[in-house]
There are 4 protein chains.
Amino acid sequence: MPSDVAREPVAPRPHTGRRRNPAVREAVLKSAADLLAGPDGLTVSMDAIAQAAGVSKHTIYRWWPSKGAVLLEALVERAQQETSIPRTGTLATDVESFLVATFDAVERVAPLFRGLMAEALRDSKAAEGMREFVAARRQGLRALLTHGVEQGELPPETDLELMMDQIYGLMWYHLLITHTPLTEELAVHLARTLIRSAA
Amino acid sequence: MPSDVAREPVAPRPHTGRRRNPAVREAVLKSAADLLAGPDGLTVSMDAIAQAAGVSKHTIYRWWPSKGAVLLEALVERAQQETSIPRTGTLATDVESFLVATFDAVERVAPLFRGLMAEALRDSKAAEGMREFVAARRQGLRALLTHGVEQGELPPETDLELMMDQIYGLMWYHLLITHTPLTEELAVHLARTLIRSAA
Amino acid sequence: MPSDVAREPVAPRPHTGRRRNPAVREAVLKSAADLLAGPDGLTVSMDAIAQAAGVSKHTIYRWWPSKGAVLLEALVERAQQETSIPRTGTLATDVESFLVATFDAVERVAPLFRGLMAEALRDSKAAEGMREFVAARRQGLRALLTHGVEQGELPPETDLELMMDQIYGLMWYHLLITHTPLTEELAVHLARTLIRSAA
Amino acid sequence: MPSDVAREPVAPRPHTGRRRNPAVREAVLKSAADLLAGPDGLTVSMDAIAQAAGVSKHTIYRWWPSKGAVLLEALVERAQQETSIPRTGTLATDVESFLVATFDAVERVAPLFRGLMAEALRDSKAAEGMREFVAARRQGLRALLTHGVEQGELPPETDLELMMDQIYGLMWYHLLITHTPLTEELAVHLARTLIRSAA
DNA sequence: AGCTAATCGAGACGGTACGTCCAGTCTTCTA
DNA sequence: TAGAAGACTGGACGTACCGTCTCGATTAGCT
């Protein structure tokens with residue numbers, strides 16, 4: 001009724017029409033992640049995602065600008081099982097458990113990482129999104145290390161960025177190139193080696 | 001002499017028919033590399049390669065099983081400007097110059113690496129080929145480090161594989177994710193940090 | 001009325017989604033017919049049809065199973081300018097005008113007939129379709145002749161199928177082999193000869 | 001020596017070098033005919049013919065200008081089992097046995113006719129060759145009928161060309177369109193009908 | 001016996017078409 | 001207005017075939 005609208009000019013139109021169905025978002029992201037994890041994971045098509053989600057392709061494109069964006073969001077969603085930074089006491093144990101948790105989480109969504117990278121290499125938007133995601137993750141580790149420097153557990157001249165490059169570099173290297181699993185042993189070994197030699 | 005023939009019955013006829021035109025191979029690899037290095041490098045099509053090389057698609061598929069195989073060989077060819085391992089004296093300087101040379105060579109064909117990775121993520125054959133290429137490259141560095149252990153410049157318990165993972169991991173990380181250049185400074189810095197902390 | 005629906009449970013949902021664009025069908029058939037009629041009519045490619053129609057090849061293959069099917073339908077469409085059977089009075093004049101009309105119509109789309117035959121000889125589906133088309137056309141003449149027998153203008157023992165074989169055989173023979181035009185004179189001459197000798 | 005050439009301009013060079021291997025011709029024509037008669041008869045490739053004949057494609061193209069030419073010659077060769085025109089006495093019986101013999105011979109090489117027509121529709125050279133072949137065959141029947149006119153067995157005003165069009169037209173019609181066999185019954189029936197009504 | 005010239009098998013090659021597949025956009029109808 | 005169904009363009013995919021070409025081996029006649 002127009003008269004009603006006239007009477008409430010402050011919130012002119014809180015919403016008109018059918019609301020966005022939150023189930024759509026979930027279904028799409030779940031299907032994307034599942035398909036990516038399945039066989040033929042690196043060549044998931046939008047048609048396949050739409051079909052698996054019981055959603056029309058048009059609807060997907062209404063909410064995400066491209067396939068890369070869908071995959072990125074699917075990855076972010078899955079990786080949300082938060083790698084809560086521990087702060088148990090010493091830097092050595094903190095970094096160690098951070099890496100163990102990270103490797104474990106990443107390993108569980110490894111196909112998503114690979115699928116997203118495949119997309120990011122063709123679609124610069126997806127690449128940008130992935131960079132942001134990676135940078136955000138890096139921030140957690142950086143906080144940990146910076147704290148270590150402040151506590152005197154690491155010398156002040158330590159190049160934290162280089163250290164992080166080595167950590168995340170190794171991780172992606174296993175993920176994308178050698179395809180070897182990111183085990184707990186590897187995490188522990190890497191953490192100890194880095195901290196010991198830096199200290 | 002019939003007796004000779006009887007002695008060598010294995011190779012009755014080494015080759016018949018028109019020989020493979022070496023210009024084709026060169027033209028295809030050159031076109032592939034050039035297109036990969038150009039804009040839209042991540043989405044090079046076989047049609048484009050064929051057209052640029054002045055070669056029919058059929059001919060390409062006669063010699064290479066897939067697009068990935070062409071790109072891989074193009075990369076290998078370009079990377080052939082051999083990073084000759086120096087052995088100038090101390091391990092520290094040797095590793096340093098190895099990394100400087102490697103980073104420089106890789107940086108110059110960075111788009112090829114990215115394009116090939118894009119292919120490897122969809123085509124498992126290409127992925128396998130790339131793993132082989134990477135493993136071969138790793139061998140050079142491994143020889144250098146093993147020599148260092150033998151000379152007592154590195155303690156015998158040093159985990160060389162982990163060290164190489166950190167080096168090549170960082171390299172690919174910059175190449176694929178951050179897209180930051182692989183500078184000489186970075187190479188030197190990385191080499192010194194690793195050797196110092198291991199020694 | 002729900003009761004009506006209950007009585008007709010076969011069509012639960014008449015149609016969903018975007019409708020087939022009728023312009024596509026027309027454009028494809030028109031382009032196919034035009035290309036077939038042009039020079040190089042015997043070697044029309046799907047790419048050429050798609051390009052000429054401003055339609056993607058994919059869309060053509062969505063609606064027609066093969067090239068032969070497209071050409072067949074193009075021919076049927078063009079031949080639709082109906083050779084209405086006259087029934088002016090005597091059998092002699094009726095058959096005469098039928099043949100004149102048929103030859104005239106066929107002559108105008110002769111290249112389509114040839115192009116379709118070229119396809120039918122490679123594609124058994126197209127051959128089957130063409131046989132159906134030919135059989136349908138034959139029905140018109142059969143009705144005319146049967147009527148003539150009933151009216152006593154032809155003896156009851158006349159082999160109508162043989163007569164039609166001679167008529168259509170001659171037509172195709174000119175069309176495919178001698179490439180001589182199907183003139184009005186030929187039609188008249190053939191009609192008179194056949195009717196006179198049968199009567 | 002140029003002077004030698006100048007001295008003998010009439011028979012410059014009778015022959016030098018290796019002679020043409022007659023087995024090649026036979027093998028090619030046999031393979032072509034056999035493949036055409038087999039399944040997938042309408043889509044015989046030159047590669048297939050060459051392979052079946054144990055002959056290189058190059059050799060085929062040395063002696064025949066195109067695929068159509070090969071098929072044409074294969075047909076001519078196979079149809080050489082000569083339909084010797086009988087002249088047993090009356091026109092009626094002569095034409096009858098001519099048609100029976102012709103239909104029988106044609107039926108046995110029907111796939112060749114169809115394969116050649118497929119080629120003739122794309123290759124105007126092949127079409128021309130086929131027209132010549134058809135015209136030559138027609139000459140036999142024409143001689144028979146002309147003789148009948150001279151003997152008074154047919155009225156002088158009979159249109160022999162039209163009669164032949166009807167005969168050969170029907171034959172091709174069955175061959176190419178209806179794909180029904182050219183039986184002896186059909187030959188007899190056609191011959192009697194035509195002669196009776198013309199006389 | 002050696003030279004010369006043609007034949008031939010094997011197969012590489014360019015060009016062109018095939019029929020399939022996917023990303024992203026647009027259209028129609030239902031809720 | 002959200003959403004499902006699905007038509008549509010554009011462009012790449014890998015395969016097939018035609019007719020041409022190149023290579024080396026073979027063979028026949030002439031010197």
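Every chain is numbered from 1 and lettered A, B, ... according to where its sequence line falls, protein lines coming before strand lines. Just so you know, these numbers come straight off a predicted model, no measurement behind them. Quick note: numbers below take in every heavy atom, side chains included, and nothing from hydrogens, waters or symmetry partners.
For the pair B:Arg18 and F:dG24, the criterion of a side-chain N or O lying under 4.0 Å from OP1 or OP2 is not met. Between D:Trp63 and E:dT7 there is no side-chain N or O to OP1 or OP2 distance below 4.0 Å. Between F:dT20 and D:Tyr61, no contact under 4.0 Å exists linking OP1 or OP2 to a side-chain N or O. Between B:Arg19 and the phosphate of F:dG24, there is a side-chain N or O to OP1/OP2 separation shorter than 4.0 Å. Between C:Thr59 and the phosphate of F:dA7, there is no side-chain N or O to OP1/OP2 separation shorter than 4.0 Å. For A:Arg62 and F:dA2, the shortest distance from a side-chain N or O to OP1 or OP2 is below 4.0 Å.
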### Message
Please evaluate residues D:His58 and B:Arg18 with respect to the criterion side-chain contact (heavy atoms from CB on, under 4.5 Å), reporting the C-alpha separation (whole Å), side-chain torsions for both, the decisive distance (0.1 Å), and the verdict.
### Response
CA-CA 12 Å; D:His58 187 59; B:Arg18 181 177 181 175; over 6 Å; no

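In terms of the side-chain hydrogen bond (donor to acceptor under 3.5 Å, both in side chains) criterion, residue partners of D:Asp123 (sequence neighbours excluded) are, by chain and number, D:Ser66.
When distances run from any side-chain atom of A:His58 to the nucleotides E:dT25, E:dT27, E:dA10, the shortest one goes to E:dT27.
Taking the side chain as every heavy atom from C-beta outward, A:Lys57 and A:Gln51 never approach each other to under 4.5 Å. In this structure, the side chains of B:Leu116 and B:Leu36 stay at 4.5 Å or more apart for every pair of heavy atoms.
With a 6.0 Å cutoff to the six-membered ring centre and a 45° limit on the axis angle, B:Arg19 does not count as a cation-pi contact of B:Trp63.
Mapping B:Ser56 and A:Glu119 onto DNA chain E by nearest heavy atom places B:Ser56 closer to the 5' end of the strand. For the pair B:Gly54 and C:Ser66, nearest-nucleotide mapping onto DNA chain E gives the more 5' position to B:Gly54.
Straight-line distance from the CZ atom of D:Arg122 to the P atom of E:dA17: 11 Å, rounded to whole Å.
The pair D:Lys125-D:Glu128 does not count as a salt bridge, with every side-chain nitrogen at least 4.0 angstrom from each carboxylate oxygen.
Between the base of F:dG11 and the side chain of C:Lys57 there is no donor-acceptor pair shorter than 3.5 Å.
For the segment residues 21-52 of chain B, the set of residues with a heavy atom within less than 4.0 Å of an atom of DNA chain E comprises B:Asn21, B:Val24, in numerical order.
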